[in-house]
2 protein chains.
Amino acid sequence: MTLSLHERIRTDIESAILSGKLAPEDRLPVEHELMQTYQCSRMTVNKALSALAAAGLIERRKGAGSFVGRPHAHSMILDVPDLPVEVAKRGHVYGYQLLVRRLRAAARGNAEEELLAGGRRLLQLDGLHSADGAPLAVERRLVSLAAVPAIADADLEKEPPGTWLLRHVPWTEAETRISAVPADAEIARLLKTPVGTACLLVERQTWRSSERITAVRQYFLGTAYHLVARFGSSRP
Amino acid sequence: MTLSLHERIRTDIESAILSGKLAPEDRLPVEHELMQTYQCSRMTVNKALSALAAAGLIERRKGAGSFVGRPHAHSMILDVPDLPVEVAKRGHVYGYQLLVRRLRAAARGNAEEELLAGGRRLLQLDGLHSADGAPLAVERRLVSLAAVPAIADADLEKEPPGTWLLRHVPWTEAETRISAVPADAEIARLLKTPVGTACLLVERQTWRSSERITAVRQYFLGTAYHLVARFGSSRP
DNA sequence: CACCTTAGAATGTATAGACATATGGCGCAA
DNA sequence: TTGCGCCATATGTCTATACATTCTAAGGTG
């Protein structure tokens with residue numbers, strides 16, 4: 001694969017940074033120098049540097065120059081898999097059981113629920129995910145009927161609500177909180193495990209431009225599940 | 001904040017996609033149409049579309065057109081904070097205590113360690129992170145001396161090795177595995193918590209282009225710490 | 001010496017045009 | 001009808017230029 005010129009400039013600088021030849025806070029050659037080095041126009045150099053800036057590898061300061069950014073271990077890509085897909089990929093048979101389906105108002109005094117409901121009702125959906133028949137995770141989900149009226153008529157017996165939402169509802173923002181908690185009595189009963197077992201708790205909220213769509217708490221059996229996040233500097 | 005023209009084109013299309021107006025696999029207007037719409041040159045349109053392609057929101061096919069990418073619900077940005085910074089941000093006093101510092105060979109039969117060592121020795125660094133004097137996390141780290149000879153001379157009494165590495169060693173790839181485990185006897189003793197307490201286990205390995213640099217296991221007190229991952233349409 | 005002004009340097013944005021290259025459909029020929 | 005080749009289409013890359021914006025440093029002034 002022959003790289004285009006701006007790609008070559010970009011990868012040259014990228015490897016200089018990643019190999020340590022260019023250290024954080026170092027100043028890069030200015031655009032005119034790179035024009036000389038590569039015998040090309042400024043737009044070509046600019047495209048390479050802009051791409052590096054967009055990727056966070058360098059910082060560009062108008063009037064001042066371009067500088068190597070501080071290493072940014074601070075963000076990685078977290079795969080948040082659709083459970084049926086993930087379980088199947090590991091070679092197990094996925095199962096889902098809907099435990100509770102209830103239309104109700106937000107709990108009074110519960111600010112979270114009231115924000116989600118937006119004055120209207122909520123659909124509460126509790127379910128159990130399993131792999132090869134063994135419990136894997138308990139899920140407690142609330143969906144805003146104001147935001148997703150169509151879900152009232154959806155068939156959620158076989159398909160988990162997360163999968164249904166993923167396919168039917170576009171969203172713009174989401175936040176996931178990951179922690180470890182001991183299983184309380186009910187979680188323990190559903191997961192068929194002793195009370196106090198370490199569970200991976202994944203709490204996720206989803207918005208469509210400031211309108212709240214859904215909030216979910218998933219309790220994973222700690223020993224049976226894990227999340228993976230990656231960081232790779234080069235794009236695939 | 002007034003957006004430049006190419007930014008406006010980009011955000012316009014971005015919101016059309018995220019709001020669902022443009023569905024996955026839909027074809028975008030071709031560059032010449034966008035030139036008409038925005039009364040600008042092709043380079044400007046191209047810059048906007050290239051940025052969207054780099055972000056994975058659209059796919060561009062030479063000769064065919066530009067198309068909305070498949071939904072990317074499966075990946076979010078995970079913040080993997082530098083602990084001292086994160087603890088300080090929450091308004092606590094951060095502390096670090098080095099418990100074990102040992103130069104040793106890879107454990108025979110332990111494939112992980114042998115890969116990391118690359119035939120040379122490893123530096124084992126165990127430590128305890130605390131917030132306001134209370135234990136927060138136990139860390140067990142191995143560093144490849146083949147990859148990072150300089151760390152043999154580093155002062156790691158006060159500064160955690162993760163922070164030192166972040167500042168001194170560039171890396172290209174990292175993988176983080178997140179799970180929940182019960183505290184074993186030693187972890188429990190160090191964290192001053194009962195055996196079996198739910199802990200958030202973060203395991204991370206780091207490479208510099210296929211050369212392994214370091215592997216670390218961090219056991220966080222489940223109730224005292226959590227990770228946050230975000231997905232947002234707009235970049236910060 | 002401290003402060004202000006100013007010129008130059010460096011990046012940000014945009015234009016108009018040129019040629020390259022992959023794609024897909026249409027028409028022609030076997 | 002089928003298969004092949006050609007061409008219009010659309011993106012990929014690059015050039016040369018222009019002007020705007022912001023930062024830095026030099027130099028002059030009180």
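Naming: A, B, ... by sequence-line order, numbering from 1 per chain. The shown structure was predicted, so the numbers you read here are calculated from the model rather than taken from an experiment.
- Summarising the geometry, the separation between CD on B:E59 and P on C:dT23 is reported as 11 Å, rounded to the nearest angstrom.
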Encode nucleotides 5-15 of chain D as B, S and - characters from 5' to 3', where the letter depends on protein heavy atoms closer than 4.0 Å: B to the base, S only to sugar-phosphate, - to neither.
-> ----BBBBBBB
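- There is a side-chain donor-acceptor pair under 3.5 Å between B:T214 and B:R141.
- A donor-acceptor contact closer than 3.5 angstrom is absent between the side chains of A:S144 and A:R212.
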Might you work through the side-chain hydrogen bond (donor to acceptor under 3.5 Å, both in side chains) test for A:Q205 and A:E175, ending with a clear yes or no?
-> CA-CA 5 Å; A:Q205 293 192 49; A:E175 186 175 302; over 6 Å; no
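- Annotation: cation-pi pair A:R8/A:Y38 absent, no NZ/CZ under 6.0 Å from the ring centroid and within 45° of its normal.
- Judged purely by distance below 3.5 Å, without hydrogens or angles, the side chains of A:T11 and A:E14 never pair a donor atom with an acceptor atom.
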